[in-house]
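See below for the structure under consideration.
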Amino acid sequence: MQHVLLTGGAGYIGSHAAAALLQAGYSITILDNLHNSSRSVRPAIEALGGRPVDWIEADIRDESALDRLLAQTPVDAVIHFAGLKAVGESVAHPLRYYDNNVSGTLTLCQAMARAGIQTLIFSSSATVYDLGQKMPLREESALGPSHPYGWSKFMVEQILLDLYRSDPTWRIALLRYFNPVGAHPSGRIGERPNGIPNNLMPHICEVARGRLPYLTVHGNDYPTRDGTGIRDYLHVMDLVEGHLAALRYLTTSAAPLVLNLGTGQGTSVLEMVNVFSEVTNRSVPVRVGPRRPGDQAACWADPGRARTLINWQARYDTAAMCRDAWCWASREETG
Ligand code: NAD
Ligand code: WQD
C-alpha cells in the first residue's frame with residue numbers, strides 16, 4: 001500500500017483528497033498547522049475513508065518536524081496542499097505569502113530530498129496565467145500573475161521544474177486548479193474556512209442561509225453574455241479525482257506533469273445564482289455593485305491535456321456543485 005503525505009490535508013481540498021485516497025486504498029498522513037482549518041474535520045475524513053489517518057499538527061516551515069515525520073513514516077509521495085490562498089490578503093501582506101508558500105515549499109522539498117522522497121504533486125492555480133489573454137487557457141498559454149498569491153504559485157512551479165532539471169529522478173506534477181466549489185456529496189465535509197472567503201459560492205450559500213441579505217454582483221458591465229464575470233467552476237470531487245489520476249501517472253512516467261484542472265466550461269455569476277436557486281429552491285437576491293479590482297471578465301480552461309495524459313475529465317455539472325455546496329452549508333447550520 002502506498003503512503004501519501006498531505007500537507008494542508010485538513011483544509012478544503014486536502015480533506016476531500018484525504019477521504020478519496022483512503023477509499024482508494026492508500027494510507028495517509030495529514031500535516032497541517034490549522035491556520036485555515038480545524039481538527040474537527042479528522043473524524044469525518046476517517047469515517048468517509050473507513051480508516052484512521054496519521055495526524056500531525058505542524059508547519060511546513062518547521063524543518064525538524066518534517067525530518068522527524070519523514071524519518072519515522074515511510075512516505076512514498078507528497079501532495080502539497082498547504083498554502084495561503086487569499087488574493088487580497090496577498091496584496092496587503094506579500095512577505096507573509098512568499099514566506100508561507102515559497103519558503104515553506106523550499107523547506108518541504110529539502111526535507112523530502114534528505115529523506116529520499118521524490119514524488120510531489122503541487123496545488124497550483126490558474127492565477128499563474130496572464131488572465132488578460134484569449135480564453136480558453138492551455139498549459140502553454142502565456143504565464144503572468146497579477147498579484148503576490150499568483151506569483152507565489154508561479155515561483156514554486158519554477159522551483160519544482162528546476163529541481164526536476166537538476167535531478168530527473170524527481171516525479172513532479174503541477175496541477176493548476178481553476179475554481180473549485182462544492183462539497184462531498186455526503187455533506188460530512190466541505191469548505192469551512194476560518195472566516196468567510198471572498199469567493200462566489202460561499203457568499204451565495206450565506207445569502208441562501210439568510211446570513212446575508214443579498215449577493216453583491218461585482219459588476220455587470222463585462223463583455224460577457226450577461227455582463228457578469230465568467231469562471232470555470234469545478235466540483236471539488238472532480239478535482240480530487242484529478243489528483244488520484246496524477247498520482248497513478250507519476251508511478252509510471254518520468255516527465256513533469258503540468259495540467260489544467262477545469263471543466264472547460266465557463267459559467268457567469270448570474271447563471272450560477274440561477275442554477276443554485278433552481279436546485280435548492282432557495283432565493284438568492286442580488287444587487288449589482290462595482291467591479292472588484294483585479295477581476296477579469298472571463299477565465300476558463302482547455303482541459304484537453306488532462307484528458308489525454310491522465311484520462312481525466314470533470315463529471316459533475318453546476319447543478320451538482322450547487323446541490324452539494326448547499327447540502328454542506330445548510331447542514332453546517334445545524335452543526
Ligand atoms: P485551505 O485554506 O482550505 O487549505 C489549505 C490548508 O493548508 C489549511 O488547512 C491550512 O491550515 C494549511 N496551511 C497553510 N499554510 C500552512 C503551513 N505553513 N504549514 C502547514 N499547513 C498550512 O485551501 P484550499 O482551498 O484547500 O487550497 C488548497 C491548495 O490549493 C492551496 O495551496 C491553494 O493555494 C490551492 N488552490 C486553491 C484554490 C481554491 O479556489 N480553493 C484554487 C487554486 C489553488
Ligand atoms: C468568481 C466570480 C467575481 C463573489 C479566486 C482566486 C483564485 C482561486 C479561486 C485560489 C468573479 C464574482 C464573487 C461575490 C461576485 N483561489 N463574485 N460576488 O476571483 O475567480 O478566483 O478563487 O487559488 O486564486 O482569485 O473566484 O469566487 O472570488 O469570484 O460577483 O460576492 O464571482 O467577481 O467574477 P475568482 P471568486
Side-chain angles (χ1 to χ4, degrees), residues 5-8 11 13-14 17 60-61 77-87 90-91 94-113 117-133 135-180 232 234 239 242-243 245-247 249-250 253-262 294 296 299-306 308-310 312:
L5 168 62
L6 280 67
T7 73
I13 301 169
I60 56 170
R61 293 166 292 185
V78 176
I79 307 184
H80 181 28
F81 294 108
L84 301 178
K85 62 166 183 175
V87 169
S90 80
V91 174
L95 296 184
R96 189 183 303 172
Y97 271 67
Y98 290 127
D99 179 51
N100 197 80
N101 293 0
V102 182
S103 303
T105 304
L106 285 175
T107 305
L108 173 66
C109 289
Q110 287 159 341
M112 288 176 66
I117 301 161
Q118 295 188 301
T119 301
L120 175 64
I121 295 180
F122 172 59
S123 302
S124 192
S125 164
T127 55
V128 301
Y129 290 112
D130 170 1
L131 297 179
Q133 68 189 292
M135 297 293 144
L137 293 170
R138 295 174 178 79
E139 286 81 1
E140 57 276 4
S141 293
L143 302 180
S146 57
H147 41 69
Y149 167 72
W151 278 111
S152 76
K153 293 297 183 179
F154 174 94
M155 291 174 190
V156 170
E157 287 199 359
Q158 296 309 306
I159 289 165
L160 295 179
L161 292 174
D162 286 344
L163 179 57
Y164 171 78
R165 283 188 276 265
S166 74
D167 177 354
T169 57
W170 280 82
R171 296 288 175 268
I172 285 169
L174 310 177
L175 303 183
R176 294 171 178 167
Y177 308 169
F178 278 68
N179 287 63
D232 186 334
L234 172 74
L239 182 60
H243 287 71
L247 198 52
Y249 177 93
L250 290 182
S253 302
L257 194 58
V258 183
L259 292 180
N260 288 337
L261 292 186
Q296 297 293 327
C299 174
W300 73 90
D302 173 344
R305 185 187 287 182
T308 305
L309 290 185
I310 63 171
W312 174 90

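Everything numeric in this text was worked out from a predicted model, so none of it was measured.
- The shortest side-chain heavy-atom distance between R305 and W312 does not fall under the 4.5 Å cut-off.
- Taking each heavy atom of L160 and I172 in turn, the nearest pair found is O-CD1, 3.3 Å.
- With R171 contributing its side chain and P168 its backbone, the two residues share a donor-acceptor pair below 3.5 Å.
- Taking every heavy atom of both residues into account, Y164 and A255 meet most closely at OH-CA, 4.0 Å.
- Across L250 and L120, no two heavy atoms sit closer than the pair CD1-O, 4.1 Å.
- The shortest side-chain heavy-atom distance between S125 and Y149 falls under the 4.5 Å cut-off.
- Annotation: the span from T119 atom OG1 to W170 atom CH2 amounts to 8.5 Å, rounded to 0.5 Å.
- The backbone N or O of A301 sits nowhere less than 3.5 Å from a side-chain atom of N260 that would complete a donor-acceptor pair.
- The one candidate from T107, T105, D99 that meets the side chain to side chain donor-acceptor pair (under 3.5 Å) condition with R61 is D99.
- The CD1 atom of I159 sits 4.5 Å away from atom CG of L106, with the distance rounded to the nearest 0.5 Å.
- Minimum heavy-atom separation, P180 to I13: CG-CD1, 4.0 Å.
- In this structure, S146 and L131 have side chains that are not in contact, with every pair of non-hydrogen atoms separated by 4.5 Å or more.
- For the pair L6 and G14, the tightest heavy-atom approach, listed with the atom from each and the gap, is CD2-O, 3.6 Å.
- With rounding to the nearest 0.5 angstrom, the CD atom of Q296 is 11.5 Å from the OG1 atom of T127.
- Here the CZ-CG distance, from R176 to L261, works out to 11.0 Å after rounding to the nearest 0.5 Å.
- For H243, the ring-ring contact (aromatic ring centres under 6.0 Å, His included) partners are F81, Y177, not counting sequence neighbours.
- Interatomic distance, I60 CD1 to T7 OG1, rounded to the nearest 0.5 Å: 5.5 Å.
- Minimum heavy-atom separation, S152 to Y98: N-CE2, 3.9 Å.
- A donor-acceptor pair is defined here as one N or O able to donate and one able to accept, closer than 3.5 Å; such a pair exists between the side chain of Q133 and the backbone of A142.
- The CG atom of D167 sits 5.0 Å away from atom CD of Q118, with the distance rounded to the nearest 0.5 Å.
- Inter-residue side-chain proximity for P256 and L174 is flagged as unmet; no heavy-atom pair is nearer than 4.5 Å.
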*Please step through side-chain contact (heavy atoms from CB on, under 4.5 Å) for the pair L175 and L239, ending with a clear verdict.*
CA-CA 9 Å; L175 303 183; L239 182 60; over 6 Å; no

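- At least one donor-acceptor pair closer than 3.5 Å links the side chain of K153 to the backbone N or O of S123.
- The shortest distance between side-chain heavy atoms of L137 and C299 falls below 4.5 Å.
- At least one donor-acceptor pair closer than 3.5 Å links the side chain of Y97 to the backbone N or O of A86.
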*Run the side-chain contact (heavy atoms from CB on, under 4.5 Å) check on M112 and L5 step by step: do they pass?*
CA-CA 11 Å; M112 288 176 66; L5 168 62; over 6 Å; no

